[in-house]
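Letters go in sequence order (proteins before strands), and every chain restarts at 1. Note that these values count all heavy atoms, side chains included, but never hydrogens, waters or copies made by symmetry.
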Amino acid sequence: MTMRIGSRFAAQTALIPAMLIALVVYCGSTVWTVWISMTNSRMLPNNTFVGLRQYESLFGNERWIVSVQNLALFGVLFIVITLALGFLLAVLVDQRIRGEDWLRSVFLYPFSMSFIVTGLAWRWLLDPTLGIAKIAHDIGFEAVQFDWLVRQDRVIYTMLAAAVWHASGLVMAIMLAGLRGIDQEIWKATRIDGIPAWRTYIFVVVPMLKGSFATATILMATSVVRLYDLSVAMTNGGPGIASEVPAKFVMDNLFERQNIGLATAAATSMLITVIAVVAPLLYLQNRAAARAAR
Amino acid sequence: MSGVTVSAIAKAYGSLKVLQDIDLEVQPGEFTVLLGPSGCGKSTLLSAIAGLDEIDSGTVTIAGEDVTDREPSQRGIAMVFQSYALYPTMTVRGNLSFGLKVKRLPKAEIERRVGKTADMLQLTPLLDRKPGQLSGGQRQRVAIGRALVQDAKLFLFDEPLSNLDAKLRTEMRVEIKKLHKDLGMTIVYVTHDQIEAMTLATRIAVMKGGQIEQYAAPDELYERPATLFVAGFVGAPAMNFFPGTVHGGHVVIDGLSLPLDPLPLAGAVADGTKVILGVRPEHVGLADDGAQGTIVDASTDFLEPMGADTLGWFLLGRHRISCRLAPQRARSVSGLVRLALDLRHASLFDANSERRL
Amino acid sequence: MRKHAKAFSAARLGIYGFLIISALFFLLPLYVMIVTSLKGMPEVRQGNLLSLPMAPTIAAWVKAWSSACTGLSCNGISVGFFNSVKILLPSVTASIAVGAVTGYALSLWRPRGAALLFGILMAVAFVPYQVFLFPLVRMFSFVGLNSSLPGIIVVHTIFGLPTMTLIFRNYFAGIPLELMKAARVDGAGFWRIFGTIMLPMAVPIIVVAIILQVTGIWNDFIFGLVFAGRENFPMTVQLNNVVNSTQGEREYNVDMAATILTALVPLAVYFISGRWFVRGIAAGAVKG
Amino acid sequence: MFSRKYLLSCAAALALGAAGPAAAQTAEVIHWWTSGGESAAVKVFADQFAKAGGTWVDTAIAGGPNARTAAINRTIGGNPPTAMQFNTGKQFDELVENNLLADVDAVAAKQNWKGIIPPAILDAVMRNGHAYAVPINIHGQNWFFYSTAVFAKAGATEPKNWDDLFVQLDRVKAAGFIPLAFGDQKNWERNMFNTVLAGVGGAEGFTGMWGKRDQAFVKGPVFRKVAETYRRLKGYVDPASPGRNWNDSAALVIQGKAGMHIMGDWAKGEFTAAGQTAGKEYGCTVLSNGGGGYVMGGDVFAFPKPKNADVAKAQALLATTMMAPDTQIMFAQKKGSIPSRQDVDSSTLDICAQKAMKFVSDKSAQIPANELLSPPALTGAVEDIISAYWNDNSMTTDAFVAKVSSALASTL
């Protein structure tokens, strides 16, 4: 679209705040972070260059490795489960049921609460002496052992449960919006063809909701990378280091441990990983968009 | 009120040339239609005139003023879009008056103009409705109204009827034609529908591949198409084409030899020239019914009733030829027939340059 | 189902069964929080998590709101509530305004640098906020924005920018270009088109934006702690103080009441406007 | 009771703040003392400061890291509080190096700190010959607190050494109580490890590991014994300990549900707040195989460089008040610590504090705290390994030794 002087100037001017934020805050912070990660800064930044020693130390750090592994396991399961559950809920809510509004709100409300707020309730529910386990004992199931929250090999799944509870409603909302946008004639066509509803959903509807799935996946992925509150509020990384995550590693080293050299090295590593994944996707999307614009 | 002159406009997206050195002159009061298949550059040319698309080179002059570097709103134009592009959150009144408000016209003047336009287009009862509450035809009228209130020097229409059903389209066509006649404004109108073009235009510019093939009045365009493309694009049912070679004052088509004498040729054609002969279906008749022209033998292939006419398809050697027949007569046509080709109205094109000879 | 209304009743039963069980799972934490907050401490200690309060009392709520202690101050979390409101309103407005204008400029005008800017914003959507905390403190101190209401508003605008720009850009990208052309032929400029045509059209997506920002900003803890200044500490900071400090024995009922009180605003927003949320998304909010 | 006063003080602070220079004696203090005993202790400071003519503006933020995040960021950002809390040790080194803290030499000279504060504690606030913080108290970090009621029921007695400890723990366990109340969070795992390190490894081991980063010690037999003893303790904690707060663990002893709790003497604040008295409802001891072995740290307040003379005045007044003899005693009583000044009358303190005073007066019985010996980065890195070792039973002691050794060698 053309722009002659007046409007082009206005459009360019309108972008100044965003440009300023992007260049000064985002890029500036990133450059600073990368630089500090190559110094031996501790509590306060200094400029003593130490090359890649912070990175050596980072990748020799068991907690960092565990954090990254946790994030990978958590991230994959979290995205798959929220997408599946969110889609399933959306399909069921879309079956012309009673109380749809009410159910939708019930599924969506957890998203409005932060883990700073709900972490306590979850920790309590999963507490081996107070929570669900105790209730089971009280009603006579003495053999029930539910101690996943305090088991190193299971704690990550308790976080998963809380996280799925938190985000599935949002996925459901996105999927529901997608379902409502599907051409009703598709349903007529599949009924005439005698295709059972479940097959229609899997082989016809799911491919049609590609956009909704992509959106939900991106949103879930951003929340995975940023995962911090949940770990702090539910387990504080424990037991041991079993539920540590990278963002918490960064945060702890940044402030509590006064080791910002290491913290920025960790942040830079995360950033590079993200860019390595996001950049090609953006490029592809851009190219597709350019092609569509022709 | 005034005309438009477009000279040497060019535009390219990368290596794709969308407009190639276009020259076009629209006289004041003229109704010019830009006609062509999709992708021919007609909408881009319209956008260039409107100032909505940047051009690489060339100039646009409206009413004698060079407007090449002006904002669309400063060119004295009004425009009607294919999707109508009505502002969905505004009422009909809001849509009509928005441009006038932007131009800071006095309130009374705005009301006067909106009222007048609404009356003219029978929009008065709809003034307080939003576009979502209107039918397709009503929206179309609002879109035209929005252009009319502007008192513009030049009206641009970008396929304004293509979203309407067939009946409405015919009605609106008549209405637009009437508006042009009554108001006498200058119009540049884009369409891919040749019937629309033929019925509305005072002059048609047929475009292909970013170039204007021919710019002429509808009759001339129909009767003396300048290129093979124009000949094929204009006219329904389409013109019959036969490739052949010129030999001794005849054009030889697969052993069939037709004389060149009756053809309205611009000059002599050298022997051996590869040519394409074009004959419109209405210039083919049944010799047995007394049709005049060059007689050839053919066999009946099939018949295609079209209401007012029936289109008869015959095999002429390896070629198929169509012929406009009266429906009653067509019912008894079968087997071998003798066709009369009225070559006085035929066109001859150079097979290489595809230009009229 | 709209599509095949005559489904078997057994299948319907299964659908309702699954939905009800899911609803229970989703409601469980909220239920536990509410019943606990209505119990007295002796009952909390002895009873089980799920039992209804035998003698419901709102004492814990009153205490959480007006007299729970953190350090020397025993004013409950009510002070923080008003601070949060004070932060919330301008922050939501500013972040949505900047996001909407940026999204509009990016999608419908595509000025120079648009692709680059959008790329940066997309990448930043994936970066943990913590990475920016320290440099931002430095920058803010340089321009004198630290520990102030304007400071925290700017911070929320900065971190709301990627998401807000994304949803507005996607929404505006779905608007026919001809509408823009028509407006320009009518003589409207950048701001006029934005104000009189685009913004009124964007109401569904503005609702989505408001919901996202209200919940995000209300729930923020770390930015409030670092950037707001002690006079403006939001409710979450006080909630942390109440929940993570104890005066002798842990008062779970007060903790839970404080937690619910803190969550009340976003909860209300969701329960009231949940239907708008789905509609807004359906209107093209989030198309990836 | 506080609330009205607090409101008034807030109002006063705001009013004075608005009036500008008149806000001479207002001090905003950031700290993380929010539990029962802690906030009672802070109130002593606030009240004494008010008596001295100042106005205390309280910024309590639960959780040390949260409070330090806010304090450090505000200091760097040019809007520092009047005073901020630190643990004694290296936490504020870089603030000094970057010239962000004001010294309190004048107060130190006037009150003759050199003569009345134990050298180990005084050294911890001195940098380049200047005092940069007020050492308000001394904490012992490796106390054993036990419920006399539970011990009586179980037939257990105060443990005399580390071998005896396990005998007593077994008795408590057999009687059906939780033997060892534990708030299983990373820093308390480290503190418990340090207790074992001091008790089994002695002062040489403790300073060898944290201070000198002595590889030979860490790879030697004594350290191995420390590690094994530490792990043995795990058999005596209850399954719900992970994630529990330390004061909730102390509460288990207070309520008679658990027999023993290993914690710094600040835990006494919780006992006191619950109306219990040392020597009656609960007992206390320090266990060291070599005798002595008192791990000694403390709390300090540091003063960011003042922006104007009024703030400087308030800081001086605050420092003076905090170190005044009566404040010191009253504070120590509430907090559970002992005064950093040795010239005050300690007869009003409880018997645990009396024991502590003895350790403090005997240099050979002291071990400087972890924070005094190692920077937070190293402490944190080793803490992660200790935590993993405690929680992961599959980690061998050999692996543990190897990891600690490499962390000591590689942390910058």
- Item | C:Trp191 atom CH2, over 12 foreign heavy atoms within 6.0 Å | yes
- Note on the structure: Residues passing the side chain to side chain contact (heavy atoms under 4.5 Å, CB included) test with B:Thr202, sequence neighbours excluded, are B:Glu30, B:Phe31, B:His180
- Got a donor-acceptor contact below 3.5 angstrom from the C:Glu178 side chain to the B:Phe81 backbone? no
- Query: Considering residues at least two apart in sequence or located in another chain, which fulfil the side chain to side chain contact (heavy atoms under 4.5 Å, CB included) criterion with B:Asp165?
  - Reply: B:Lys167, B:Leu168
- Item | NZ (B:Lys177) with more than 12 external heavy atoms under 6.0 Å | yes
- Task: Can you see which heavy atom on B:Pro88 is nearest to which on C:Leu179, and at what distance?
- Result: CD-CD2, 4.0 Å
- Not counting sequence neighbours, which residues clear side-chain hydrogen bond (donor to acceptor under 3.5 Å, both in side chains) with B:Lys101? List them please. none
- Check whether any side-chain N or O of B:Tyr87 sits under 3.5 Å from a backbone N or O of C:Ala183 as a donor-acceptor pair, and report yes or no. yes
- Identify which part of B:Gln82 has an atom lying under 4.5 Å from any heavy atom of chain C, answering side chain, backbone, both or neither. both
- Query: Under a 4.5 Å heavy-atom cut-off, does chain C meet the side chain of B:Leu100, its backbone, both or neither?
  - Reply: neither
- Task: Look up atom CG in B:Leu46 and atom NZ in C:Lys181, then write down how far apart they are to the nearest 0.5 Å.
- Result: 9.0 Å
- Message: Using side-chain heavy atoms (C-beta onward) and a distance below 4.5 Å, is B:Leu52 in contact with C:Met180?
- Response: no
- Task: Sort B:Ala143 into side chain, backbone, both or neither according to what part of it lies under 4.5 angstrom from a heavy atom of chain C.
- Result: neither
- Message: Looking at B:Lys17, I'd like to know if its NZ atom is crowded, meaning that more than 12 non-hydrogen atoms belonging to other residues, nucleotides or ligands lie closer than 6.0 Å.
- Response: no
- Item | Atom of B:Ser73, atom of C:Arg184 and distance for their closest heavy-atom approach | CB-O, 3.4 Å
- B:Met90 CE to C:Thr196 OG1 distance, which is reported to the nearest 0.5 Å: 4.5 Å
- Item | Positions in residues 89-100 of chain C that reach chain B, provided some heavy atom is under 4.5 Å away | none
- Message: Tell me the closest heavy-atom pair linking C:Ala188 and B:Val102, and the distance in Å.
- Response: N-CG1, 3.9 Å
- Note on the structure: So CD1 of C:Ile197 and CG of B:Asn95: to nearest 0.5 Å the spacing works out to 8.5 Å
